[in-house]
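A short write-up of the structure that comes next.
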Amino acid sequence: MTSIAILGLGKSGISAINYFQKNAKKLGISKIFVWDDNSTPNSQLLTPNTHYLKPEEWDWKNLQSVIFSPGIPTDLPKPHIAALFAKQNNVPVICDIEILWRDKNPDSKIITITGTNGKSTTTALIHYILKENNIDAQIG
(Lines give C-alpha, C1' and ligand atoms only; values in the text may rest on other atoms or scores of the structure.)
Protein backbone atom coordinates (compact mmCIF):
# COMPACT_ATOMS: atom_id res chain seq x y z
CA MET A 1 0.00 0.00 0.00
CA THR A 2 1.18 3.47 -0.79
CA SER A 3 0.44 6.96 0.43
CA ILE A 4 -0.62 10.20 -1.22
CA ALA A 5 -0.07 13.77 0.00
CA ILE A 6 -2.20 16.84 -0.61
CA LEU A 7 -0.86 20.34 -0.12
CA GLY A 8 -3.43 23.10 0.26
CA LEU A 9 -6.92 22.97 1.73
CA GLY A 10 -8.81 25.21 -0.67
CA LYS A 11 -11.49 23.90 -3.03
CA SER A 12 -9.17 21.71 -5.10
CA GLY A 13 -7.35 20.33 -2.04
CA ILE A 14 -10.57 19.38 -0.28
CA SER A 15 -11.91 17.82 -3.49
CA ALA A 16 -8.70 15.78 -3.77
CA ILE A 17 -9.02 14.62 -0.16
CA ASN A 18 -12.62 13.54 -0.75
CA TYR A 19 -11.66 11.73 -3.97
CA PHE A 20 -8.80 9.79 -2.38
CA GLN A 21 -10.81 8.93 0.74
CA LYS A 22 -13.62 7.58 -1.44
CA ASN A 23 -11.27 5.65 -3.76
CA ALA A 24 -8.45 4.66 -1.37
CA LYS A 25 -9.10 0.94 -1.57
CA LYS A 26 -9.45 0.91 -5.37
CA LEU A 27 -6.23 2.93 -5.73
CA GLY A 28 -4.27 0.98 -3.11
CA ILE A 29 -3.74 4.01 -0.88
CA SER A 30 -3.34 3.36 2.83
CA LYS A 31 -2.55 6.89 4.05
CA ILE A 32 -3.42 10.40 2.95
CA PHE A 33 -1.22 13.20 4.28
CA VAL A 34 -2.65 16.72 4.15
CA TRP A 35 -1.23 20.13 4.99
CA ASP A 36 -2.01 23.80 4.52
CA ASP A 37 0.39 26.55 5.59
CA ASN A 38 -2.47 28.94 6.38
CA SER A 39 -5.35 26.92 7.81
CA THR A 40 -6.33 23.74 9.62
CA PRO A 41 -8.77 21.20 8.21
CA ASN A 42 -12.33 20.69 9.29
CA SER A 43 -12.31 17.70 11.65
CA GLN A 44 -14.72 15.89 9.30
CA LEU A 45 -11.90 15.62 6.74
CA LEU A 46 -9.67 13.72 9.13
CA THR A 47 -10.52 10.04 8.88
CA PRO A 48 -8.37 7.24 10.34
CA ASN A 49 -6.29 7.13 7.14
CA THR A 50 -6.06 10.93 6.67
CA HIS A 51 -3.28 12.63 8.64
CA TYR A 52 -2.79 16.37 9.08
CA LEU A 53 1.01 16.65 9.23
CA LYS A 54 3.68 19.08 8.07
CA PRO A 55 5.48 17.98 4.89
CA GLU A 56 8.62 17.33 6.97
CA GLU A 57 6.66 14.56 8.74
CA TRP A 58 5.26 12.81 5.65
CA ASP A 59 6.44 9.29 4.82
CA TRP A 60 8.30 10.39 1.69
CA LYS A 61 9.68 6.91 0.90
CA ASN A 62 6.14 5.55 0.39
CA LEU A 63 4.48 8.51 -1.32
CA GLN A 64 2.97 7.81 -4.72
CA SER A 65 2.63 11.54 -5.51
CA VAL A 66 1.97 14.96 -4.00
CA ILE A 67 -0.98 17.01 -5.18
CA PHE A 68 -0.22 20.74 -5.09
CA SER A 69 -3.16 23.13 -5.03
CA PRO A 70 -3.05 25.95 -7.59
CA GLY A 71 -0.85 28.85 -6.54
CA ILE A 72 1.58 26.87 -4.40
CA PRO A 73 5.02 27.33 -5.98
CA THR A 74 6.92 24.26 -7.07
CA ASP A 75 9.82 26.27 -8.47
CA LEU A 76 9.56 30.06 -8.69
CA PRO A 77 9.83 32.46 -7.00
CA LYS A 78 10.77 30.08 -4.17
CA PRO A 79 9.71 26.43 -4.09
CA HIS A 80 7.54 25.23 -1.26
CA ILE A 81 9.43 22.94 1.15
CA ALA A 82 7.25 20.02 -0.06
CA ALA A 83 8.52 20.57 -3.62
CA LEU A 84 12.09 20.24 -2.37
CA PHE A 85 11.31 17.03 -0.47
CA ALA A 86 9.47 15.65 -3.51
CA LYS A 87 12.48 16.30 -5.73
CA GLN A 88 14.89 14.72 -3.22
CA ASN A 89 12.71 11.61 -2.97
CA ASN A 90 11.70 11.35 -6.66
CA VAL A 91 8.03 11.81 -5.80
CA PRO A 92 5.92 13.23 -8.66
CA VAL A 93 4.21 16.57 -8.03
CA ILE A 94 0.82 16.70 -9.73
CA CYS A 95 -2.33 18.85 -9.66
CA ASP A 96 -6.04 18.12 -9.41
CA ILE A 97 -6.39 18.07 -13.20
CA GLU A 98 -3.93 15.16 -13.34
CA ILE A 99 -6.21 13.19 -10.99
CA LEU A 100 -9.14 13.75 -13.36
CA TRP A 101 -7.02 12.74 -16.34
CA ARG A 102 -5.84 9.51 -14.69
CA ASP A 103 -9.36 8.49 -13.63
CA LYS A 104 -11.23 9.31 -16.83
CA ASN A 105 -12.97 6.75 -18.96
CA PRO A 106 -10.52 5.72 -21.71
CA ASP A 107 -13.18 6.46 -24.34
CA SER A 108 -13.77 10.01 -23.08
CA LYS A 109 -12.88 12.99 -25.16
CA ILE A 110 -11.70 16.01 -23.17
CA ILE A 111 -11.49 19.64 -24.18
CA THR A 112 -9.38 21.78 -21.86
CA ILE A 113 -9.58 25.54 -21.73
CA THR A 114 -6.90 27.64 -20.07
CA GLY A 115 -6.03 31.28 -19.86
CA THR A 116 -6.64 34.35 -17.77
CA ASN A 117 -9.89 35.70 -19.22
CA GLY A 118 -12.85 34.17 -21.02
CA LYS A 119 -12.69 30.57 -19.81
CA SER A 120 -16.27 30.43 -18.53
CA THR A 121 -17.69 32.02 -21.67
CA THR A 122 -15.64 29.76 -23.96
CA THR A 123 -16.63 26.71 -21.93
CA ALA A 124 -20.33 27.61 -22.10
CA LEU A 125 -20.11 28.26 -25.84
CA ILE A 126 -18.40 24.94 -26.59
CA HIS A 127 -20.90 23.09 -24.39
CA TYR A 128 -23.79 24.77 -26.22
CA ILE A 129 -22.37 23.91 -29.66
CA LEU A 130 -21.86 20.26 -28.69
CA LYS A 131 -25.35 19.94 -27.20
CA GLU A 132 -26.95 21.59 -30.25
CA ASN A 133 -25.23 18.95 -32.37
CA ASN A 134 -26.55 16.11 -30.16
CA ILE A 135 -23.12 15.34 -28.71
CA ASP A 136 -23.19 14.30 -25.06
CA ALA A 137 -21.11 16.82 -23.12
CA GLN A 138 -20.42 17.55 -19.47
CA ILE A 139 -18.78 20.59 -17.91
CA GLY A 140 -16.31 20.06 -15.08
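Values below: every heavy atom of this structure, side chains too, minus hydrogens, waters and symmetry copies.
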statement: Heavy-atom closest pair (Y52 atom, S39 atom, distance to 0.1 Å) is OH-O, 2.7 Å
message: Are the side chains of L45 and V34 in contact, using a 4.5 Å heavy-atom criterion?
response: no
query: For the residue pair F20 and I29, what are the closest heavy atoms and their distance?
result: CD2-CD1, 3.4 Å
- prompt: Taking all non-hydrogen atoms of both residues, which atom of K119 and which atom of T116 are closest, and how far apart?
  reply: NZ-O, 3.3 Å
query: Roughly how far, to the nearest 0.5 Å, is CD1 of I67 from CD1 of I99?
result: 4.5 Å
task: Check whether any side-chain heavy atom of H51 sits under 4.5 Å from a side-chain heavy atom of L46, and report yes or no.
output: no
message: Please give me the minimum heavy-atom distance between S12 and D96, naming the atom from each residue.
response: CB-OD2, 3.1 Å
- prompt: Between F68 and H80, what is the ring plane arrangement, given parallel below 30°, perpendicular above 60°, and tilted in between?
  reply: perpendicular
message: Using the side chain to side chain donor-acceptor pair (under 3.5 Å) criterion, which residues pair with T123? Sequence neighbours excluded.
response: none
query: Going by side-chain heavy atoms closer than 4.5 Å, which hydrophobic residues are tied to L100, directly or by a chain of links?
result: none
message: How long is the straight-line distance from CD1 of I81 back to CG of L7, given to the nearest 0.5 Å?
response: 11.0 Å
message: On a heavy-atom basis, which atom in W60 and which in P55 lie closest, and how many Å separate them?
response: NE1-O, 2.7 Å
- prompt: Counting only N and O atoms by type, is there a donor-acceptor contact under 3.5 Å from the side chain of N42 to the main-chain atoms of Q44?
  reply: yes
message: Quick check on K131: does its NZ atom have over 12 non-hydrogen neighbours (other residues, nucleotides or ligands) under 6.0 Å away?
response: yes
query: Is the side chain of S108 donor-acceptor paired with the backbone N or O of N105 at a distance under 3.5 Å, no angle test?
result: yes
task: Measure the NZ-NZ distance between K109 and K104 for me, rounded to the nearest 0.5 Å.
output: 8.0 Å
query: Roughly how far, to the nearest 0.5 Å, is the CG atom of L84 from the NZ atom of K78?
result: 8.5 Å
query: Which atom names give the shortest non-hydrogen contact between P79 and D75, and what distance separates them?
result: CD-O, 3.1 Å
message: Once rounded to the nearest 0.5 Å, what's the spacing between atom CD1 of I111 and atom CD1 of I113?
response: 7.0 Å
message: In the structure I gave you, are the side-chain heavy atoms of Q64 and L27 within less than 4.5 Å of one another anywhere?
response: no
message: Taking the side chain as everything from C-beta on, heavy atoms only, tell me whether I4 gets closer than 4.5 Å to I32.
response: yes
task: Hey, could you give me the CD1/CZ distance between I6 and F33, rounded to the nearest 0.5 Å?
output: 11.5 Å
message: One pair to check against side chain to side chain contact (heavy atoms under 4.5 Å, CB included): I94 and R102. What are the steps and the verdict?
response: CA-CA 11 Å; I94 63 172; R102 290 178 180 182; 3.7 Å; yes
- request: Side-chain contact test, heavy atoms from C-beta onward, threshold under 4.5 Å: evaluate it for I14 versus N18 and give yes or no.
  value: yes
message: Would you say I97 ends up clustered with V66 if hydrophobic residues are merged whenever their side chains have heavy atoms under 4.5 Å apart, either directly or through other cluster members?
response: no
query: Which pairs, with at least one residue in residues 90-132 and sequence neighbours excluded, count as a ring pair (Phe, Tyr, Trp, His ring centres under 6.0 Å)?
result: none
